[in-house]
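Here's the structure we're looking at; comments come further down.
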Amino acid sequence: MVLTVDVGNTRIKGAVFEDDILIEYFVFEKKELQEKIKNILNKYKKTTHLVVASVGNIEKESFLELEKEVKIHFVSHKDSFPFVNSYETPQTLGIDRMVLAAGATLQYPNQNRLVIDAGTCVTYDFIDENDHYLGGAISPGLRLRYEALHNFTSKLPLLTLDEPKHFIGKSTSESIHSGVVNGLVYEIDGFINEYRGQCLKFIIILTGGDTEFLAKRLKNTIFANSNFLLESLNRTFQYKIKND
């Protein structure tokens, strides 16, 4: 069994896998890291490997104290990946984006793939049918957009994510919700249409914390899977074992 852990900018997510089957999913705060992982390992005693991908600010030592209980692997640029990295600055490509690209390559072979990760930031990553990672884009996620409107203006309130009641906002709050939510939806659909102008046929994978909220609003046909990064971590690790 394998425990995959994604250390994000805001929270930590984890999942236990037996081969390719996701057994249980976890979400917890960074301060709970050691306690939660020890509890998971105690519950699933057959877990042999802990696979970690981190973009958040957390020390490796927090994990290394668990080495007596499980083998730990931190995913890095030195690992084997099932695609050719054609990014102009490959060492600056985020580990999370590399793992997502690997998962898309392994799960959807011989196809053009666009992976959209809607979390703190929204990332777009394109891998062509020849398994070349070409690059993508990064923009602010929903929470960052709400925070930016509040932090960089003098009077706009700090709101939390909510369903826009009207396309034409009838109050300041309604206008913010309409602008933030609809703005991101139009952005995502716009990116998809732009890619379609360059490549007629490709699959679209939407993942990240805001997957369910956004999926039903998009015009384009997508595969929505909020656990795709954790699943991709498991697939990437299995690929590494077979190819190292």
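Only heavy atoms go into these numbers, but all of them, side chains included; no hydrogens, no water, no symmetry mates. Keep in mind that what you see is a predicted model, and the values were worked out from it rather than measured.
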Check against side chain to side chain contact (heavy atoms under 4.5 Å, CB included), Q107 and R235: CA-CA 8 Å; Q107 186 168 349; R235 288 192 178 93; 3.0 Å; yes
All side-chain contact (heavy atoms from CB on, under 4.5 Å) counterparts of R11, not counting sequence neighbours: K13, V27, E29
Residues in side-chain contact (heavy atoms from CB on, under 4.5 Å) contact with A215, at least two apart in sequence or another chain: L206, I222, A224
Would you check if the side chain of [X] reaches a backbone N or O of [Y] as a donor-acceptor pair within less than 3.5 Å?
X    : Y    : answer
D189 : K219 : yes
N42  : K38  : no
T47  : M1   : no

Note, [X] side chain near [Y] side chain (heavy atom, < 4.5 Å):
X    : Y    : value
L159 : H177 : yes
L33  : I12  : yes
I205 : L114 : no
Y25  : L22  : yes
D19  : N234 : no
T207 : I116 : no
T48  : K71  : no
T89  : Y87  : yes

Consider only side-chain heavy atoms of I, L, V, M, F, W and Y, link residues closer than 4.5 Å, and tell whether [X] and [Y] are in one cluster.
X    : Y    : value
V115 : V122 : no
L144 : L214 : no
F126 : L218 : yes
F28  : V52  : yes

Contact summary for [X] and [Y], nearest pair of heavy atoms:
X    : Y    : result
L156 : L149 : CB-O, 3.6 Å
G136 : Y195 : CA-OH, 3.6 Å
L233 : V5   : CD1-O, 3.5 Å
T105 : P82  : CG2-O, 3.3 Å
Q238 : V2   : NE2-CG2, 3.8 Å
G103 : T236 : N-OG1, 4.4 Å

Distance under 6.0 Å and angle within 45° of ring axis: R217 vs F213: yes
Distance-only donor-acceptor hits, side chain of residues 196-204, under 3.5 Å, sequence neighbours excluded:
from, atom 1, to, atom 2, distance (Å)
R196, NH1, N220, OD1, 2.7

L142 and L184: CA distance, side-chain angles, deciding distance, side chain to side chain contact (heavy atoms under 4.5 Å, CB included) verdict: CA-CA 7 Å; L142 289 169; L184 182 54; 3.6 Å; yes
Of all pairs that satisfy salt bridge (Lys or Arg N to Asp or Glu O under 4.0 Å), the ones with a partner from residues 76-86, not counting sequence neighbours: D79-K240
Apply ring-ring contact (aromatic ring centres under 6.0 Å, His included) to [X] and list each qualifying residue two or more places apart in sequence or on a separate chain.
X    : answer
F74  : F63
F81  : F83
F228 : none
Y44  : none

Contacts of D210 that satisfy salt bridge (charged side-chain N to carboxylate O under 4.0 Å, His left out) - sequence neighbours left out: none
Those residues that, when tested against E35, pass salt bridge (charged side-chain N to carboxylate O under 4.0 Å, His left out) (two or more places apart): none
Parallel, tilted or perpendicular, as decided by the 30° and 60° cut-offs, for the rings of F237 and H49: tilted
Pairs meeting criterion side chain to side chain donor-acceptor pair (under 3.5 Å) with involvement of residues 131-141, two or more places apart: R97-Y133, R113-D131, D125-Y133, S139-R145, S139-E187
Side chain to side chain contact (heavy atoms under 4.5 Å, CB included) between L3 and V51, intermediate numbers included: CA-CA 6 Å; L3 169 59; V51 184; over 6 Å; no
Separation of T211 OG1 from D117 CG (nearest 0.5 Å): 7.5 Å
Residue pair L161, V180: steps toward the side chain to side chain contact (heavy atoms under 4.5 Å, CB included) verdict: CA-CA 9 Å; L161 180 61; V180 169; 5.7 Å; no
N/O donor to acceptor pairs below 3.5 angstrom from side-chain atoms of residues 164-174, sequence neighbours left out:
from, atom 1, to, atom 2, distance (Å)
S171, OG, E174, N, 3.2
E174, OE1, K170, N, 2.8

